[in-house]
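What follows is a single structure, written as structure tokens, with notes after it.
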Amino acid sequence: MLDIQLLRTDLNYAVEKLNSRNYSFPVDRFNQLETERKKIQIHTQELQAKRNTVSKQIGSAKSKGEDTTAILAEVANLGDELKQSISQLEQIQSELHKMLLEAPNLPHDSVPKGKDESDNLEIRCWGAIPSFGFEIKDHVSIGEGLKLLDFEAAAKLSGSRFSMMKGSLARLHRALAQFMLDMHTQEHGYTETYTPYLVNHDSLYGTGQLPKFEEDLFAIKTEGDAADDAHTTGLYLIPTAEVSLTNIVRDEIVALHSLPLKFVAHTPCFRSEAGSYGRDTRGLIRQHQFDKVELVHIVHPKASYAALDELVGHAETILQKLELPYRVITLCTGDMGFSAAKTYDIEVWLPAQNTYREISSCSNCESFQARRMQARFRNESGKTTLLHTLNGSGLAVGRTLVAILENYQNADGSVTIPEILRPYMNGLDQLSAAGGQ
RNA sequence: GGAGAGAUGGCCGAGUGGUCGAAGGCGCUCCCCUGCUAAGGGAGUAUGGGGUUUAUAGCCUCAUCGAGGGUUCGAAUCCCUCUCUCUCCGCCA
């Protein structure tokens, strides 16, 4: 959520920033509402102040046993007038609030200006793109060829965009998550976290999935979930552990000395991907359910950009240890996600697609989520201040598995297991049809 | 699922209609005193918003006692709904 103070004092600046990410803020309506708001809020508060003083007079008069009918007559109409004023004010406030909830974050000054993904900026590349002396297969052919990947079974159980892994492939999937967790907890200083996979409305508002992106979520309709009391009964499957981890500090005032907080969790993620029909229909790339190891930093505002670099580095380390080629790009203003002020995407090389594909997205949300969540800390002078929140994948487990299958494939259809994962595989060094179980 | 109890400031805890944003204690901050330590004395110590302002200073003001609604001139206190916590029973991994 944007800072309404900023919009009041420097609206043009904010609007220009928002334009750069293809969002047009309803300036005229905002100004109109603000004028109204100011007028009505002052009026409301005057009425309240009057009511308060008169009520106190009545109180003291009664305690002295004096007659109060005259004073009571004086405030006879006050109640109705106040009620009306409050309801007007609430209407305006709620429209303003909605306007704020729907506006995306302002891009950081260092973010390249651009319209869409074609304007993203590659900032570094790591690893050599492999060449194969045989005709390569994509991960689906590899997995199905080894009888370790079964989309038909998943479709029978659940429908399209689900997958079933078996045997050594399922184990490799587990090994990947374990490896990532171990790296982040033992080498990178994160606190391992087990979180709920079902979260409430407030949490999703906090990180910015609601109110705008409800269609991307899977909602759980609990018993008695009437539309009007959705706030108390509606739960959603998390689309990312960013929601669970970041909301840890919702409505909290954390102590300065406990910063930074760094959390990591391995969770499934659920996305309805409503807008993506026809994209990546084949394979594991775009699923309704996938696993991800998520990294979240809760930091002092002064430290957030250093934390972003650190976070990206942590995700890169995983790919380096796995010896998978990748590149890091800075998303341009037009391609960034709703809550982000700056985002680096890490893209891994997928030989069968002959291109890099996103495997991690690391964002600094600055105070955007913190403001929605009222997540604060007590600063050096004791004043409560909004925190900065960051999140990034470290990494998407399913897509990492895809990258391994494709980059480590052999001519005979088997797949070599990256060195670093072998301890997690009971020493197994390749996936093959024979060793499938 | 059944029965009961509860939710107040950083923590504990008082407060069942009137000057209560809230006694008291603990903790914390500052000051004084004490040659260290211990003890003692004094002051301060919630959050969010609005107005004014060059100001995140000051001043004025509003709201908030789990959440939302209601009664009332006035609600922490009375009524309704919900959420959460605890105890007992049942069920269950």
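The figures that follow rest on heavy atoms only: side chains count, while hydrogens, waters and symmetry mates do not. Remember, it's a predicted structure, so these values are computed and weren't measured experimentally. The sequence lines fix the lettering, A, B, ..., with proteins before strands; numbering per chain opens at 1.
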Which whole number of Å gives the distance between the [atom1] atom of [N] and that of [M]?
N: B:C92; M: B:U8; atom1: C1'; answer: 36 Å
N: B:A3; M: B:A76; atom1: P; answer: 32 Å
N: B:U45; M: B:A22; atom1: C1'; answer: 15 Å
N: B:A67; M: B:U77; atom1: P; answer: 11 Å
N: B:U19; M: B:A75; atom1: C1'; answer: 15 Å
N: B:C78; M: B:G17; atom1: C1'; answer: 8 Å
N: B:G2; M: B:C12; atom1: C1'; answer: 33 Å
N: B:U52; M: B:A57; atom1: C1'; answer: 13 Å

- Task: Identify, between A:Glu34 and A:Glu90, the residue whose nearest nucleotide on RNA chain B lies closer to the 5' end.
- Result: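 That would be A:Glu34.
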**Message:** With nearest nucleotide decided by heavy atoms, which residue, A:Lys50 or A:Thr385, maps closer to the 5′ end of RNA chain B?
**Reply:**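 Going by which nucleotide is closer to the 5' end, it is A:Thr385.
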Under-4.0 Å side-chain N/O to phosphate OP1/OP2 contact, [X] with [N]:
X: A:Asn52; N: B:C62; value: yes
X: A:Arg378; N: B:U47; value: yes
X: A:Asn77; N: B:C73; value: no
X: A:Lys383; N: B:A46; value: no

Regarding [X] and [Y], does a basic nitrogen lie under 4.0 Å from an acidic carboxylate oxygen?
X: A:Glu81; Y: A:Arg51; result: no
X: A:Asp109; Y: A:Lys17; result: yes
X: A:Lys147; Y: A:Glu144; result: no
X: A:Arg37; Y: A:Glu34; result: yes
X: A:Asp335; Y: A:Arg21; result: no
X: A:Lys321; Y: A:Glu419; result: no
X: A:Lys166; Y: A:Asp150; result: yes

Report the base-pairing partner of [N] (Watson-Crick or G-U wobble, both distances below 3.5 angstrom), or none.
N: B:A22; value: none
N: B:U45; value: B:G27
N: B:G9; value: none
N: B:A93; value: none
N: B:U87; value: B:A3
N: B:U37; value: none
N: B:U16; value: none
N: B:A55; value: none

Whole-Å distance between [N] [atom2] and [X] [atom1]?
X: A:Leu96; N: B:G49; atom1: CG; atom2: P; answer: 15 Å
X: A:Leu386; N: B:U47; atom1: CG; atom2: P; answer: 13 Å
X: A:Asp80; N: B:U72; atom1: CG; atom2: C1'; answer: 13 Å
X: A:Leu100; N: B:G49; atom1: CG; atom2: P; answer: 12 Å
X: A:Arg250; N: B:A67; atom1: CZ; atom2: P; answer: 14 Å
X: A:Glu252; N: B:U47; atom1: CD; atom2: P; answer: 14 Å
X: A:Leu82; N: B:U71; atom1: CG; atom2: P; answer: 13 Å
X: A:Gln45; N: B:C60; atom1: CD; atom2: P; answer: 15 Å

Have a look at [X] and say if it touches a base, only the backbone sugar-phosphate, or nothing, with a 4.0 Å heavy-atom cut-off.
X: A:Val54; result: nothing
X: A:Thr384; result: sugar-phosphate
X: A:Gln93; result: nothing

Counting only side-chain heavy atoms from C-beta out, which of [options] sits nearest to [X]?
X: A:Ile253; options: B:G50, B:U47, B:G18; result: B:U47
X: A:Arg376; options: B:U47, B:C73, B:U52; result: B:U47
X: A:Gln41; options: B:G48, B:U19, B:G49; result: B:G49
X: A:Arg51; options: B:G21, B:G18, B:A63; result: B:A63
X: A:Arg37; options: B:C73, B:U71, B:G50; result: B:G50
X: A:Gln5; options: B:G50, B:U19, B:A63; result: B:G50

- [ ] Over 60° means perpendicular and under 30° means parallel, so classify the ring planes of A:His188 and A:Tyr190, tilted if in between.
- [x]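 Plane angle over 60°, so perpendicular.
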Looking at B:G18, does its base get a donor-acceptor pair with the side chain of A:Lys62 below 3.5 Å?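 Side chain to base: pair found, below 3.5 Å.
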